[in-house]
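By convention in this document, chain letters (A, B, ...) are assigned in the order of the sequence lines, proteins followed by strands, and residues within each chain are numbered from 1.
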Protein chains: 2
Amino acid sequence: MIIVTIIKIEITMNSSIKRKNSIRRERILELLRSNHAHPTADWVYDQLKKEFPGLSLGTVYRNLKILEEEGKLQNIHGGSTFDRYDGDLSPHHHIICERCGCVMDLNAAVDDSLFRKAENETGFQLRPSQITLYGLCPKCLNKK
Amino acid sequence: MIIVTIIKIEITMNSSIKRKNSIRRERILELLRSNHAHPTADWVYDQLKKEFPGLSLGTVYRNLKILEEEGKLQNIHGGSTFDRYDGDLSPHHHIICERCGCVMDLNAAVDDSLFRKAENETGFQLRPSQITLYGLCPKCLNKK
DNA sequence: TTGTCTGCAAAACATTTGCACCTAT
DNA sequence: ATAGGTGCAAATGTTTTGCAGACAA
């Protein structure tokens with residue numbers, strides 16, 4: 001007789017860390033919710049330094065990361081830490097993986113009125129007909 | 001008699017540097033034109049190291065910057081060196097200045113079919129209904 | 001008590017820069 | 001001869017991490 005025992009180990013990906021109350025973290029979130037200037041970590045640090053004189057920049061970064069993981073705020077930049085270059089100057093869009101930083105081209109027609117509207121509304125001079133989308137690439141989705 | 005002499009000094013903004021031939025720069029451009037994987041500076045360095053054993057990473061960066069200034073290639077990332085955070089999770093778009101890194105919100109309807117098409121074509125899982133545009137903000141345009 | 005949070009300083013990381021020498025024009 | 005170009009190493013600026021002590025559950 002053969003007995004086969006399969007032990008199924010479930011690994012919870014949504015890191016099952018039990019977060020404690022952290023006043024600093026709370027305040028960081030409040031600060032970001034009440035400010036639409038898309039602050040940097042350093043700006044947050046400067047603000048909260050007044051409130052918590054001993055505050056450390058490391059704490060700000062750690063908490064921003066936690067809040068991002070919890071989905072309570074978003075990091076606007078792509079995730080990749082290094083610049084990527086493109087020798088193809090024809091109009092095309094980019095789609096960037098927030099985890100591994102890989103970039104794919106995307107050929108799709110986007111109504112030009114969007115760009116005109118954006119330029120009129122914001123006063124920006126835009127890269128012509130080029131949008132960037134962020135997300136997770138197939139490889140990183142599988143690893144998840 | 002009063003003689004007034006006005007000397008008009010024209011400052012050419014398109015930096016009037018006379019570029020010399022540089023084999024390294026030529027090869028960097030060729031490499032980027034023939035490769036659609038959106039390489040990083042480091043990747044370029046590794047490739048050309050075979051060809052120019054004494055090559056320095058600084059040279060790669062310097063030439064990438066020059067080629068970008070000359071409009072012969074584009075840097076896909078935003079330009080800002082620091083991350084920016086957003087506590088507003090409602091669907092809205094971002095428009096980022098490549099020079100100073102400032103971020104503005106953009107409220108505009110973008111046809112959802114774009115996102116569906118992008119996901120189908122690339123296999124990415126996208127940030128919902130969010131696009132990013134790059135360009136120069138009004139302040140930086142004035143400084144130019 | 002346990003696991004999380006924090007400050008501090010050092011490390012990591014991509015990118016830039018100063019300097020002395022080399023090279024194209 | 002002169003203005004760029006290059007290699008090297010050091011510096012820069014942002015973000016991460018190791019550690020020991022503090023704190024919340």
Side-chain angles (χ1 to χ4, degrees), chain A residues 12 14-29 38-46 48-70 72-85 96 98-103, chain B residues 12 14-29 38-46 48-70 72-85 96 98-103:
Chain A
T12 315
N14 295 329
S15 51
S16 56
I17 294 174
K18 292 241 170 60
R19 294 287 169 206
K20 296 181 185 175
N21 264 1
S22 152
I23 303 182
R24 277 142 252 252
R25 190 152 62 236
E26 272 175 32
R27 292 289 296 121
I28 290 174
L29 184 54
H38 311 87
T40 63
D42 204 59
W43 183 89
V44 171
Y45 172 69
D46 281 345
L48 291 185
K49 190 87 181 177
K50 300 165 191 162
E51 206 167 317
F52 308 98
L55 183 65
S56 148
L57 197 49
T59 299
V60 173
Y61 276 107
R62 266 186 292 239
N63 281 316
L64 283 170
K65 206 171 196 178
I66 291 169
L67 289 166
E68 200 187 339
E69 281 167 11
E70 294 179 339
K72 291 178 182 164
L73 53 79
Q74 59 177 333
N75 182 337
I76 293 176
H77 274 72
S80 168
T81 60
F82 25 76
D83 283 356
R84 287 174 169 275
Y85 296 87
I96 303 179
E98 302 176 320
R99 183 159 302 171
C100 71
C102 72
V103 180
Chain B
T12 316
N14 295 329
S15 54
S16 56
I17 295 175
K18 293 241 169 63
R19 296 286 170 205
K20 295 182 190 177
N21 264 1
S22 153
I23 304 183
R24 278 143 249 255
R25 189 150 64 237
E26 271 175 34
R27 291 290 297 123
I28 289 174
L29 184 53
H38 312 86
T40 63
D42 204 58
W43 182 90
V44 171
Y45 173 69
D46 281 345
L48 291 186
K49 191 87 180 176
K50 300 166 193 163
E51 206 166 321
F52 308 99
L55 184 65
S56 148
L57 197 48
T59 298
V60 173
Y61 277 107
R62 266 186 292 238
N63 281 315
L64 283 170
K65 204 170 200 181
I66 291 169
L67 289 166
E68 198 186 342
E69 281 167 12
E70 293 178 339
K72 291 179 182 163
L73 53 79
Q74 58 177 333
N75 182 336
I76 292 176
H77 273 71
S80 170
T81 59
F82 25 78
D83 283 354
R84 288 174 169 276
Y85 296 88
I96 302 179
E98 302 176 319
R99 182 159 304 171
C100 72
C102 70
V103 180

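When each of A/Tyr61 and B/Thr59 is assigned the nucleotide of DNA chain D with its nearest heavy atom, B/Thr59 is the one assigned upstream, toward the 5' end. In terms of position along DNA chain C, the nucleotide closest to B/Asp42 lies nearer the 5' end than the nucleotide closest to the other residue of the pair B/Lys20 and B/Asp42. Positionally, the nearest nucleotide of DNA chain C for A/Ile66 lies more toward the 5' end than for the other of A/Ile66 and A/Lys49.
Remark: A/Lys65 is in phosphate contact with D/dT16, judged by side-chain N or O atoms under 4.0 Å from OP1 or OP2. For the OP1/OP2 pair of C/dT4 and a distance below 4.0 Å, the side-chain nitrogens and oxygens of A/Arg25 include no atom meeting the criterion. Contact annotation: B/Arg24 does not reach the phosphate of D/dG5 (side-chain N/O to OP1 or OP2, under 4.0 Å). Within the 4.0 Å cut-off from OP1 or OP2 of D/dT6, not a single side-chain nitrogen or oxygen of B/Arg62 is found.
At distances below 3.5 Å, at least one donor-acceptor pair connects side-chain atoms of A/His38 with backbone N or O atoms of B/Val103. Remark: the backbone N or O of B/Gly54 is not paired with any side-chain donor or acceptor of B/Lys49 at under 3.5 angstrom. Without hydrogens or angle criteria, B/Arg84 side chain to A/Ile76 main chain gives no donor-acceptor distance under 3.5 Å. Within the 3.5 Å criterion, the main-chain N or O of A/Ile66 finds no donor-acceptor partner in the side chain of A/Arg19.
A/Asn63 comes within 4.0 angstrom of sugar-phosphate atoms only, judged by non-hydrogen atoms across all strands, and of no base.
One can place CG of B/Asn21 at 11 Å from P of D/dT6, the figure rounded to the nearest angstrom. Remark: P of D/dG7 and OH of B/Tyr45 are 9 Å apart, rounded to the nearest angstrom. Between the CG atom of A/Asp83 and the P atom of C/dC13 there is a distance of 17 Å, given to the nearest Å. As rounded to whole Å, 14 Å separates atom P of C/dT25 from atom CZ of B/Arg19. Between the CD atom of A/Glu69 and the C1' atom of D/dT16 there is a distance of 13 Å, given to the nearest Å. Taking atom CG of residue B/Leu64 and atom C1' of nucleotide C/dT16, one finds them 13 Å apart after rounding to whole Å. At whole-Å resolution of the value, CD in A/Glu26 and P in C/dT6 are 10 Å apart. Rounded to whole Å, the distance from NZ on B/Lys18 to C1' on D/dT2 is 12 Å.
A donor-acceptor pair shorter than 3.5 Å cannot be found between the side chains of A/Lys65 and A/Tyr61.
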